[in-house]
Amino acid sequence: MSTGFFGDIQKIRYEGPESTNPLAFRHYNPDEIVAGKRMEDHLRFAVAYWHTFTWPGGDPFGGQTFLRPWFEDSMQAAKLKADVAFEFFNLLGAPFYCFHDADVRPEGRTFAENTRNLNEIVDYFEEKQAATGVRLLWGTANLFSNRRYMAGAATNPDPDVFAFAAATVKTCLDATKRLGGSNYVLWGGREGYETILNTDFTRELDQMGRFLNLVVEYKYKIGFEGTILIEPKPQEPTKHQYDFDVSTVYAFLQKNGLENEVKVNIEQGHAILAGHSFEHEIAMANTFGIFGSIDMNRNDYQSGWDTDQFPNNVPEMALAYYHVLSGGGFRNGGTNFDAKLRRQSLDPQDLLIGHIGGMDCCARGLKAAAKMIDDGALKTPLDARYGKWDSPEYQKMLRGEYKLDDIASWVEKNNITPEPASGRQEYLENVVNRYV
Ligand code: 3MF
Ligand code: MG
């Protein structure tokens with residue numbers, strides 16, 4: 001039985017680029033084949049439970065603007081929220097969703113009560129997934145909202161908090177496994193510091209390393225087959241967050257012997273906050289072999305805050321998917337909209353329209369990326385730029401067969417005189433613009 005929340009809105013359909021219907025896709029056509037695969041299977045869209053069903057519309061200057069019938073901390077309200085959520089996934093045709101424990105269950109007074117509440121909702125989700133075919137892209141624990149986490153979870157100076165957080169992650173990994181989740185995400189919301197004056201980096205980073213090892217050990221213990229992902233972010237809410245960006249996370253994984261166990265969930269807005277582009281972070285993760293999944297939401301470039309808006313810039317999406325596809329595309333990962341409405345967008349249909357626009361924008365980006373790859377538009381000039389490295393002498397240098405003094409003799413004997421060549425940046429930028 002329908003909750004009636006979305007009125008008489010029907011399932012969102014693909015109507016093609018000429019459609020002016022705001023409740024239709026103009027570019028996202030799930031069954032259309034792009035680069036040998038259905039678009040739905042390439043993009044693997046997921047709806048974020050927290051922004052779409054839980055966020056009340058507050059900002060630093062004012063509270064709730066959204067009035068939702070399930071905004072109440074009870075099990076009954078949590079089930080109504082779940083009913084609406086699965087109706088939404090169906091209307092939108094979203095194959096996946098993502099959630100934190102705190103998004104889906106009422107907050108208990110104790111750890112045991114939290115676990116009971118979570119498990120009751122997981123039972124409910126299990127039935128709904130079976131009835132609808134919607135799947136879980138990733139589960140996670142909210143280890144940053146409750147006041148107990150104000151000084152961090154794994155990195156807290158109080159070991160009681162470390163233990164409570166570890167116990168909570170155990171329950172969330174259990175839940176994710178039961179629901180067949182493809183990944184489990186750790187975003188270190190408050191794993192950082194407000195001031196160095198009260199912070200011992202050595203202890204905190206060691207604690208964080210131990211915590212992550214515990215998670216990986218437990219994954220094997222229960223036979224969870226998904227990928228463990230860390231989501232980098234440089235700051236906000238803390239002044240400095242330890243999982244600053246992809247490169248920092250990779251160094252942390254190596255230090256803790258986890259570089260083959262854990263991958264990254266890269267968020268567009270977090271990449272920008274770190275002073276990078278989204279494609280920089282995706283390409284870097286490919287280079288290290290730790291690319292996992294993406295959170296597809298932008299920030300407002302003027303405000304400098306993590307505003308979590310739906311993507312609307314096709315050239316940016318094209319370059320992002322160019323690197324996703326160049327790395328072989330998603331395996332367990334997908335495109336999660338960690339995006340929320342603006343607080344004046346009050347109507348139920350705004351929730352659909354935000355996602356529709358985001359999905360269309362990603363679809364256009366994907367198609368442009370696939371075409372660029374097909375044509376070798378960027379790869380051919382890139383290979384040519386590095387082409388001299390294919391010569392046998394330069395291969396020997398790379399393999400370490402020529403030592404520094406061998407190289408010196410070789411350069412002298414052959415009178416090697418480097419001739420600078422154009423980097424052709426404007427040409428390449430113009431090439432990209434042909435595709436978007
Ligand atoms: C914050 C985020 C987070 C993470 C989520 C899962 C609340 O900037 O992006 O959203 O995506 O916690 O790790
Ligand atoms: Mg995110």
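All ligand and atom numbering here is 1-based and tracks the order in the structure.
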Practice task
State the atoms of ligand 1, each with its element, that fall below the 4.0 Å cut-off from a heavy-atom position in D295.
Solution key: 11 (O)

Problem - Per-atom contacts, ligand 1 versus F144 - under 4.0 Å to a heavy atom - result: 12 (O)

Problem - K379 with D383: basic N within carboxylate O range, under 4.0 Å - result: yes

Practice task
State the atoms of ligand 1, each with its element, that fall below the 4.0 Å cut-off from a heavy-atom position in E267.
Solution key: 2 (C), 9 (O)

Handout entry: Identity and separation of the nearest protein heavy atom to atom 2 (C) of ligand 1
Key = D338 OD2, 3.3 Å

Practice task
For the Mg ion (ligand 2), check which protein N, O or S atoms are under 2.8 Å away and list them.
Solution key: E231 OE2, E267 OE1, D295 OD2, D338 OD2

Problem - ligand 1 versus D308: contacting region, heavy-atom distance under 4.0 Å - result: neither

Handout entry: Plane angle bin for W138 and W50 - parallel if under 30°, tilted between 30 and 60°, otherwise perpendicular
Key = tilted

Handout entry: Heavy atom of the protein closest to atom 7 (C) of ligand 1 (residue, atom name, distance)
Key = W50 NE1, 3.6 Å

Handout entry: ligand 1-proximal atoms of N265, by part, heavy-atom distance under 4.0 Å
Key = neither

Problem - Ring-ring centroid check F201 H240, cutoff 6.0 Å - result: no

Handout entry: E72 side chain reached by L80 side chain, heavy atoms, under 4.5 Å
Key = no

Exercise for the section: Could you find the nearest protein heavy atom to atom 5 (C) of ligand 1 and give me its residue, atom name and distance? Expected result: H100 NE2, 3.2 Å

Exercise for the section: Looking only at protein heavy atoms, identify the closest one to atom 13 (O) of ligand 1 and say how far it is in Å. Expected result: W187 CB, 2.9 Å

Problem - Carboxylate-amine/guanidinium proximity below 4.0 Å for D174 and K170 - result: yes

Problem - Residue pairs passing the side-chain hydrogen bond (donor to acceptor under 3.5 Å, both in side chains) test where at least one lies in residues 148-161, sequence neighbours excluded - result: T155-E191

Exercise for the section: Would you confirm whether the ring centroid of Y97 sits within less than 6.0 angstrom of the ring centroid of F89? Expected result: yes

Handout entry: Q64, CD atom: more than 12 neighbouring heavy atoms under 6.0 Å
Key = yes

Practice task
Determine whether the side chain, the backbone, both or neither of F99 has a heavy atom under 4.0 Å from any heavy atom of ligand 1.
Solution key: neither

Exercise for the section: Determine whether any heavy atom of E236 lies closer than 4.0 Å to an atom of ligand 1. Expected result: no

Exercise for the section: Inspect the surroundings of NZ in K239 and state if more than 12 heavy atoms from other residues, nucleotides or ligands are less than 6.0 Å away. Expected result: no

Exercise for the section: Verify the neighbour count for atom CD of E429: are there more than 12 heavy atoms of other residues, nucleotides or ligands below 6.0 Å? Expected result: yes

Practice task
Would you check whether K233 has a nitrogen or oxygen atom less than 3.5 angstrom from a nitrogen or oxygen atom of ligand 1?
Solution key: yes

Handout entry: Which of the ligand 1 atoms, numbered from 1, are nearer than 4.0 Å to a heavy atom of W138
Key = 6 (C)

Practice task
Could you tell me which atoms of ligand 1, counted from 1 in the order shown, lie closer than 4.0 angstrom to a heavy atom of E231?
Solution key: 2 (C), 4 (C), 6 (C), 9 (O), 11 (O), 13 (O)

Problem - Salt bridge flag under 4.0 Å for residues E126 and R178 - result: yes

Problem - Residue pair V249 / E231, side-chain heavy-atom distance below 4.5 Å - result: no

Problem - E87/K128 salt bridge by N-O under 4.0 Å criterion - result: no

Handout entry: Polar contact flag for T140 and ligand 1 (N/O pairs, less than 3.5 Å)
Key = no

Exercise for the section: Could you label the plane-to-plane angle of the F310 and F337 rings as parallel, tilted or perpendicular, counting under 30° as parallel and over 60° as perpendicular? Expected result: tilted

Fill in the blank from the handout: For D306, the atoms of ligand 1 under 4.0 Å from one of its heavy atoms are 8 (O)

Handout entry: Contact check: H51 vs ligand 1, nitrogen or oxygen atoms, below 3.5 angstrom
Key = no

